[in-house]
Amino acid sequence: MNDPVVDATNAASGGPGPAPSTEAPAHPGALLHVDHVSKVYGSGHTAVTALDDATMAVDQGEFVALLGPSGSGKTTLISIIGGLLSATSGTVRIGDIDVTSLSRKELTRFRAERVGFVFQSANLVPFLTARENLLYVATLVKTPKKAAQQRADQLLEELGLADRAKNLPEQLSGGERQRVAIGRALMNDPDLVLVDEPTAALDTALGRQVVQLLRREIKDRGKTGIMVTHDLRMVEYTDRVFEILDGHLTHVESPSTLGH
Amino acid sequence: MAGPARLLSRGELARSKGRFGAVVAALSLIVFLVLVLGALADGLFYGATGAVRSTNATAYAFSDDAEGSLIRSRLDESAVDTFRGAPGVESAGPVGVLLTGGTGPEGDIDLAVFGLEVGGPGTPTTLVDGRLPEPGEQGVAAVDTRLERDGVSIGSRVSVGDVSVEVVGFVSDTAYQLQPTLWTSVADWRAMRDAVRPELRGQPTAINAIALVTESGADLSAIAAALPGTTVLTADAVGLAIPGVAQQKSTLNSIIYTTLAVAALVVALFFALLVLEKRELFAALKALGTPTGALGRTVLVQAIVASVLGVIIGTIVARLFGLVIPANVPTLFRTDTLIQIAVFTLVAGVVGAAFSLRRIARIDPATAIGGTL
C-alpha cells in the first residue's frame, strides 16, 4: 500500500482534494468508487500486474480523463469499471451496485442498463442506420418502441444528426459516426459513460468537437463520464485528470504541468 | 417491440443482400440438385414398382429360388388353392408376368404383361379411364397410362407376337421395371408368353407367383408354410426385391444425403466467415450489453431465412427443369419428397449455423476496449 492513492473529493469544483487517504471509500457521496483494485494476469513467475491497487472516486456529473501511455493499465481499469473484466482484488461500486460481485449474466444486464460505452472506432452496426443503431441498444433493456423512437430522435437532433438518421455508418463521416456512438451511449440513460480514445480516428479539430459535444451531453444530463485518452489536448475539457503509469493510478493535481 | 436479434438479423439481411444472395444461390442450387435427384429416385422407384404397389394385393408368394422376383419365380396354378386355405389369407390369385416387346397403333412398344384373375388379388386399383376386364373376359386388357404416349387409346389393339387384345381401360402408376404394363386374363397372358417364348410352351398351368390379400397382422411365414418351397413377401418388400430397385434407392439416397451434408457445410462455412468478420462488432455489441443468446439467435434466424429462400427458389427451378426433362427419363416430383428435402435443408442450415454459436460465445466483450492501441 505504498503507492499513491488518490481521492477524488471535491474534484467537481476543480479544487485540490483533501489529504490522500489509504482507506477507501473516503467519499461516500461519489457515484463511482474504485477501491484498491488490482489486476494480475497469469500467475507465479509469469504474473504481470496490469493494475496495482488503484483507488479513485468520481462524483455524479463529473467528467474525468484517464491519461496514460499504451500498456499503462488504463484499458484494464476502464474495463473493470465497465464490467467487462474481473478484478483480481478490490471492489468497484457504481451507485449501490457492487460491480465486482455480479455474475456474468448480471454484468451483461448491468452494462446495458447502467453503462454507456463510446469505443475508439465507433463500432456502429454497419448494416443499421444511425437511428437504428440507437434503437438497437434500447431493445437490450426492452424500452417501449415509442419511447425509444422519441429518445433516439431527440438525441440525434441534439447531436446535429437529425438529417443523417437514415444513413448507414458507411455514409457518415468519422466525426458523425463518433457522434452516433455518443448518442448510442446515452440512449439507455446510463449512470456512467465510459469513453475509450474517442479521438483516435479523428483529426484534432474534429476530435475537439467530439469531446466538446461529449462533455456537453454528459454535463447536461448529469452523467458521470470517464474518458480514456493519451491525447493531452483533450484534457482541458475534463474536470479532473487521473494518470496511470505502469499500473499505478494517480490523481493529477495540476494538469497543466502534464507533458512537461 | 422488436428484440435485438430481430433488429440485427433483419437489418443485415436487408442491407447485405449481396452476400446473403450468394449463400441463398448456393442453397438453391443444392436444393435444385437434390430435388432432381429425388425426382429421379422416385421416378425410378415408382416406375419400377408400380405394378406391385398399385394393386389390392398385400403380399405375394414366390418359389423359394426366386428371391422375391416375380419374373424369376415359377409356381403351378394349383398352388393358388393351397394358399386360399392358408391361415390369415383372405383371397389368393395367380400372377403371370412377361417382359416383352409388343406392337401398338404407332409401332413397337415395351411391355410388361400381367396375367391374373382380374378383379381378384393383384388387380390394379388405379383405374383412371375406361374399365378393367371383367372376370373371365378374354381378349381385352387395361394398360398403364404411359402407353398413351405411344398412341394407345381405348379401343386400340395391342399385340404380342400373334396374340392381340383390345384396350378397354387405363390404369395409372402401374409400371414394372420402368416398362408400361398390360393387365389381362391369365389365358391371354399365357398365349402371349407362348407366342414369344416357344421354350415355355407345354406348361399350361405354370404361373409366376400368387397374389394374396392377407388379414392385417397375418404371419407371412405361416402362410408360406402352407406350401413347402415357397416364400411370402409383403407387396412393399416385393417392390424392393425388383432387381436394381433397392440398389438404386440406396445409391441415390446416399447422393442426396451427401449433398444435404454439403448444404450444412456451406451454411457452416458461410456463417463461420460472417462471424469471424464480425468479431469486433460482436465484441462491441456484447460490451453494450447484448446477451450471447441474442447474437446466436441472429445467426440462426439468418440461416433459417437463407434456407427457406433456398428451398423456395430451388423448388421453382427444379419444377421448371422438370418440364424440360425428356419424357423417357423417369422422374417424378412428389410432394412428400419435397417436404422431406425442405425439412432436411432447414435442419442442415440450422446445424451449419449452430457451429458458429460456440465461436460467438467465445468472443470476449473486453476486447471491444483498447482495441488498436
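Letters go in sequence order (proteins before strands), and every chain restarts at 1.
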Measuring heavy-atom distances to chain B, does [X] have an atom under 4.5 Å in its side chain, in its backbone, in both, or in neither?
| X | value |
| --- | --- |
| A:L107 | neither |
| A:R184 | side chain |
| A:V125 | both |
| A:T129 | both |
| A:F119 | side chain |

Distance check, rounded to the nearest 0.5 Å: [X] atom [atom1] versus [Y] atom [atom2]?
| X | Y | atom1 | atom2 | value |
| --- | --- | --- | --- | --- |
| B:L285 | A:N123 | CG | CG | 8.0 Å |
| B:R19 | A:F127 | CZ | CZ | 9.0 Å |
| A:M187 | B:L288 | CE | CG | 12.5 Å |
| B:I369 | A:I80 | CD1 | CD1 | 11.0 Å |

Quick check: are there more than 12 heavy atoms from other residues, nucleotides or ligands sitting under 6.0 Å from [atom1] of [X]?
| X | atom1 | value |
| --- | --- | --- |
| A:R215 | CZ | yes |
| A:R104 | CZ | no |
| B:D364 | CG | yes |
| B:F355 | CZ | no |
| B:R362 | CZ | yes |

Of all heavy-atom pairs linking A:S121 and B:E280, the shortest is OG-OE2, 3.6 Å
What one should report as the nearest heavy-atom pair of B:A287 and A:F117 is O-CE1, 3.2 Å
The interface call for B:L8 against chain A, heavy-atom contacts under 4.5 Å, is both
Query - Side-chain donor/acceptor of B:R15 to backbone N/O of A:P126, under 3.5 Å - result: no
Quiz item: Does the side chain of B:P365 come within less than 4.5 Å of A:L85's, by heavy atoms?
Solution: no
So, are A:E132 and B:R10 salt-bridged, with charged N and O less than 4.0 Å apart?
no
Checked A:V115, A:L168, A:I78, A:V137 vs chain B; the most non-hydrogen pairs under 4.5 Å come from A:L168
